[in-house]
Protein chains: 2
Amino acid sequence: MNISMIAQLAEVSTATVSRYLNNGYVSEQKRKRIQAVIEQTGYTPSSSAQTLRTGRNNLIGVIVPKISSESVSRMVDGITEVVNNAGYQVLLANTGNNTEREMEYLKTFRLNNVDGVIFIGTLMTKKHLALMKSYKKPIVLMGQQESDVSCVYFDDYGAAKLATDCLVRCGCQNIVHLGVTLKDKAAGRARRGGYLDTLEANHIAFREELIAECAGFTTQDGSDAMAAFLEKQIPFDGVFCATDTIAFGAIDVLRRAGIQIPEQVKLTAVGNNRMSAIYSPHLTSVSLSHRTGGLEAGAILMDMIQNDNDAVRTAQMQCRLYERESTGAAE
Amino acid sequence: MNISMIAQLAEVSTATVSRYLNNGYVSEQKRKRIQAVIEQTGYTPSSSAQTLRTGRNNLIGVIVPKISSESVSRMVDGITEVVNNAGYQVLLANTGNNTEREMEYLKTFRLNNVDGVIFIGTLMTKKHLALMKSYKKPIVLMGQQESDVSCVYFDDYGAAKLATDCLVRCGCQNIVHLGVTLKDKAAGRARRGGYLDTLEANHIAFREELIAECAGFTTQDGSDAMAAFLEKQIPFDGVFCATDTIAFGAIDVLRRAGIQIPEQVKLTAVGNNRMSAIYSPHLTSVSLSHRTGGLEAGAILMDMIQNDNDAVRTAQMQCRLYERESTGAAE
DNA sequence: CTGTTAGCGCCTTCAA
DNA sequence: TTGAAGGCGCTAACAG
């Protein structure tokens, strides 16, 4: 079932059918005939032929480190919404946090199919940047901030400030930071920066020994880091965790150690996962607006594609503090 | 940069280049020449042209109700792993729990692009089934069990039995069931069936008033249902929740009502989310093996596609009970 | 407003 | 083992 069959049945030329399908520069009479035939036959134009002919695929590639992460899946949720509404489909590449695979997909997508790419980044290497900058198709980076590339990023620094400041306001003076690798500029470096600057702004001396680096982003990593810190027997009255997930692990360890939250130790984090509002204790956390970021990234990419707009654009999402039980807030 | 440029540069015909790219029925000498040219130019064949010509896309469609759900994103994680390893890409359709959109994507995918489809189902209507059975491309249904369609489903009934039985073993006699709509045959009907049959097997009389139906699958729905039940002032000593997410909502309400878990009320659920093992109390839950299900569905689909195997195949995933604090287990 | 026509890039017989 | 040639289904000039 192809366009010439339709043309034959409707007794018009293929060009007219094509016009019907696209511009719509067709007389009312023939329009009706074509419409009837298409409905009867259930014809759909072959997208591969369309692509071959026009060079457009109505396809965008989305590269993610791990689709089963809550923040990532929320971003993808936002992306799909915008992009589908614009008539585009999403090609999903799940790299499993493997940097080489990221590069691979970036290349696979490049000359190949897609009209544009959204890349949800974690650790950005020089190779990544070089590849992105030399990209021929529109590309939007999410979650990391880099120059010369359109990006939608989250206010990691501001979020960390809010979370740390909340602890300070609650009277904490010895605030532990459970962070992640500084190679991750967003979740690692920027959040640590917010922590440090807030201490300084409040005239609290920074103490190296209060910083613990988690091996990764899982609850287990949070538990391990918290447990290791407890062994050092350093007194503390507050914990600022780089992510909610890490916080859940840390809380579990504190609970088992018989340390009361928020009575003895107060705790904040960044992410505002679904669980935060119902975890016990309800977790004070800063929302980064992941889904909104996905909407924004999708919108920027659509603009780049549909309007041939190759200007570099950036958008920073707003963050918001939700104070809950873990800092003694009445909800 | 296309195949004829390569052919020209390598001083062979396009047919030879094509053979090089596919079968490989090429003399050593020319093979080397072609290889050199391709490496220099960084040429990649146009997948749309290939598709147009061969009818193959190396693309599979995955239709999901909500990508940001933990169980769904885990299944997708499994699917992408298998399918990518087989050289296929995943086209993701996120329907936002909208049945009409599901049908729409099913149709969009049908004649169009993809070589096969994996459909993660919730509420299956007759229309869905009719469409799936008349599908021309290989299709695998996940999460629901239907005849005449290949499906990978979870042992919802067995999981509910394990979870309910665990409560009975712990001495519960008045077990509340926080369930979901029976229209969902898996999470609704099958889990309720497991609950009922376990009561019967243990000679515990079924009481209608102990069943509460949640409006949906969110923690809020769990909270609401639990709160509504508490208002009825019916004594109870156990709660079996259809999902972990619902359980988290329920626990939150119980906690606020000053009801101790597991001392006064014991609680189990199905799903074994990441959070279950660290929620407070650690939640006794049954794992359904979502990610493994994704691997399995991907493998079945690949077999159907690559070997033209159109036999209907089904696979049931195994479930496993994890006993934790919420039923008083020592971990 | 409509039809004719020439490819988009590739694969695959067919003949050599 | 190779090359010539036709066509997959569609769109976009171009001419009417």
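All figures in this text were calculated on a predicted structure; none of them were measured in a lab. A note on names: the letters A, B, ... follow the listed sequences, proteins ahead of strands, and every chain is numbered from 1.
Partners of Asp303(B) according to the salt bridge (charged side-chain N to carboxylate O under 4.0 Å, His left out) rule, which considers only residues two or more places apart in sequence or in another chain, are Arg313(B). Residues passing the side-chain hydrogen bond (donor to acceptor under 3.5 Å, both in side chains) test with Arg56(A): none are found, sequence neighbours excluded. For Glu296(A), the salt bridge (charged side-chain N to carboxylate O under 4.0 Å, His left out) test picks out no residue, with sequence neighbours left out.
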All N/O donor-acceptor pairs, side-chain side in residues 5-15 of chain A, below 3.5 Å, sequence neighbours left out:
residue: Ser13(A); atom: OG; partner: Ala15(A); partner atom: N; Å: 3.4
residue: Ser13(A); atom: OG; partner: Thr16(A); partner atom: N; Å: 3.3
residue: Ser13(A); atom: OG; partner: Thr16(A); partner atom: OG1; Å: 3.1

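Of the candidate nucleotides dG3(D), dT2(C), dT4(C), dG3(D) has the atom lying nearest to any side-chain atom of Ser13(B).
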List, with names and distances, any nitrogen or oxygen atoms from the protein found under 3.5 Å away from nitrogen or oxygen atoms belonging to nucleotides 14-16 of chain C.
none

Which pairs, protein N/O on one side and nucleotides 7-9 of chain C N/O on the other, fall under 3.5 Å?
residue: dG7(C); atom: N2; partner: Arg53(A); partner atom: NE; Å: 3.4
residue: dG7(C); atom: N2; partner: Arg53(A); partner atom: NH1; Å: 2.9
residue: dG9(C); atom: OP2; partner: Asn2(B); partner atom: ND2; Å: 3.4

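In this structure, the side chains of Ile3(B) and Tyr43(B) come closer than 4.5 Å at one or more pairs of heavy atoms. Taking 4.5 Å as the limit, every side-chain heavy atom of Thr314(A) sits out of range of all side-chain heavy atoms of Gln145(A).
At whole-Å resolution of the value, CG in Leu21(A) and C1' in dC10(D) are 9 Å apart.
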Step by step, work out the salt bridge (Lys or Arg N to Asp or Glu O under 4.0 Å) result for Lys133(B) and Glu146(B).
CA-CA 10 Å; Lys133(B) 285 174 188 171; Glu146(B) 298 288 350; over 6 Å; no
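Considering every non-hydrogen atom in both Met302(A) and Ile60(A), the closest pair reads CE-CG2, 3.9 Å.
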